[in-house]
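The structure appears right after this line, and notes come after that.
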Number of protein chains: 2
Amino acid sequence: MLRISKLTDYGTVVLASLVDRKDEVSSAAEIAARTGVAPPTVSKLLKLLAKAKLVSSTRGANGGYRLTRAPEDISAADIVDALEGPVSITECSASDSHCAYEENCDTGDAWQRINRAIRSALEDVSLRDLAKGTCTAPKMHFGGTPITIERTN
Amino acid sequence: MLRISKLTDYGTVVLASLVDRKDEVSSAAEIAARTGVAPPTVSKLLKLLAKAKLVSSTRGANGGYRLTRAPEDISAADIVDALEGPVSITECSASDSHCAYEENCDTGDAWQRINRAIRSALEDVSLRDLAKGTCTAPKMHFGGTPITIERTN
DNA sequence: CCCAAATAGGACTAAACTAGTCCTAAATAG
DNA sequence: CTATTTAGGACTAGTTTAGTCCTATTTGGG
């Protein structure tokens, strides 16, 4: 029940690989090599993460990405929001959807309580916590062969 | 982020429609008429819910479904489990998957903390709570036209 | 005893979403 | 000026989800 997408999963791996490199930039290719995630996918992820301001980018030769904030200040909620959008547990509790029965709806309430609880759980875990190890991707295989994830600590 | 499936959403609507009918059985067709959810879908849902023992079924003429327990004793977690399976937030924290790096993995920890928090949020909300109103489905449309959900209370 | 009303179970189709790739443009260091 | 690297978006393939339908089984009632 209730899965985050693989992309988000990879996203944490990518971000985790930047945790101990606050002062240097890493190119998408380097990150791909380090994490074992396919280069085009890393690239896509970094673009999304840059748009969400979780990483900053430097263009041109010797360019690359770095975290914009300390790993302690990036929460799992930030990552999920960046990569999956702020969609909510039910259509009906998503901010931009409105159901025709809204006026006399009491249910939303219960779902929204659940929703808030989930959010706060996600907000309580920082990238630092997630980066303690980096097994998030593992069960994954690329082209049939299991990938190798390098630990960065 | 983190959506439950529409089927689960409809599932709560279906279950909610049984809340105040503890002593009679309702046929799938009746429930479909009451909730506005398409009959085959209702049927499918009820089979799954019956398999999970959230409803009991009576076959044959005048048969139908009823809740097996009081609405207070059915949690949102039960419903999600019944309709989506006990899948977890990451592949890696799902009970039956094992990643190659498990032995030296500390990350799972953080995700699993999130996972537990989500579960407990789901366990804290009962069908009774969810049934206070029944707008869960609404934003949905069938064949392009918005459906009408009858309130049962 | 037979028929109609129901559920059980599973096969199947279509639509939506996700993952992943690739191409072109713009920026920048040397 | 050229090689490197990000930005942005188009596109494809694969998977998953939603939804439908068919056949078998059970059971109440005429």
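So that the names make sense, note that chain A is the first sequence line, chain B the second, and so on, each numbered from 1. When reading the values below, keep in mind they use all heavy atoms of this one structure, side chains included, and skip hydrogens, waters and symmetry mates.
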Closest to the [X] side chain: [options]?
X       : options               : result
B:Ser27 : C:dA19, C:dA6, C:dG9  : C:dA6
B:Lys47 : C:dA19, C:dG10, C:dA4 : C:dG10
B:Lys51 : C:dG9, C:dT7, D:dA7   : C:dG9

Exercise. How do A:Lys44 and A:Gly63 order along DNA chain D: which one's closest nucleotide is nearer the 5' end?
Worked result: A:Gly63

Exercise. Just checking, is any N or O donor in the side chain of B:Arg66 or B:Ser57 under 3.5 Å from an acceptor N or O on the other one?
Worked result: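 Absent: no donor and acceptor within the cut-off.
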
Problem set entry | Side chains of A:Ser126 and A:Glu72, donor plus acceptor under 3.5 Å | no

Strictly below 4.0 Å: does [X] bring a side-chain N or O up to OP1 or OP2 of [N]?
X       : N      : value
B:Tyr65 : C:dA8  : yes
A:Ser57 : D:dA7  : yes
B:Thr41 : D:dT20 : yes
B:Thr58 : C:dA6  : no

[N] [atom2] sits how many Å from [X] [atom1], rounded?
X       : N      : atom1 : atom2 : result
A:Leu49 : D:dT6  : CG    : C1'   : 14 Å
B:Tyr10 : D:dG19 : OH    : C1'   : 10 Å
A:Leu46 : C:dG20 : CG    : C1'   : 15 Å
B:Leu7  : C:dA14 : CG    : P     : 19 Å
A:Ile4  : C:dA19 : CD1   : C1'   : 15 Å
A:Lys6  : C:dC17 : NZ    : C1'   : 13 Å
B:Leu45 : C:dG9  : CG    : P     : 15 Å
B:Glu84 : D:dA18 : CD    : P     : 8 Å

Exercise. Are any non-hydrogen side-chain atoms of B:Arg69 and B:Leu127 less than 4.5 angstrom apart?
Worked result: no

For this session: Check whether any side-chain heavy atom of A:Arg128 lies under 4.5 Å from a side-chain heavy atom of A:Asp73, and answer yes or no.
Result: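 Not in contact.
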
For this session: Describe the nucleic acid contact of A:Ala28 in one word from base, sugar-phosphate, nothing, applying a heavy-atom distance below 4.0 Å.
Result: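 Sugar-phosphate only.
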
Problem set entry | Which atom of B:Gly11 lies closest to which atom of B:Leu83, heavy atoms considered |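 For B:Gly11 versus B:Leu83, the nearest heavy atoms are CA-CD1, 3.8 Å.
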
For this session: Name the residue closer to the 5' end of DNA chain C, choosing between A:Thr8 and A:Asn62 according to the nucleotide with the nearest heavy atom.
Result: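 Looking at DNA chain C, the more 5' nearest nucleotide goes with A:Thr8.
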
Exercise. Does any donor-acceptor pair link the side chain of A:Arg59 with the base of D:dT5 at a separation under 3.5 Å?
Worked result: no

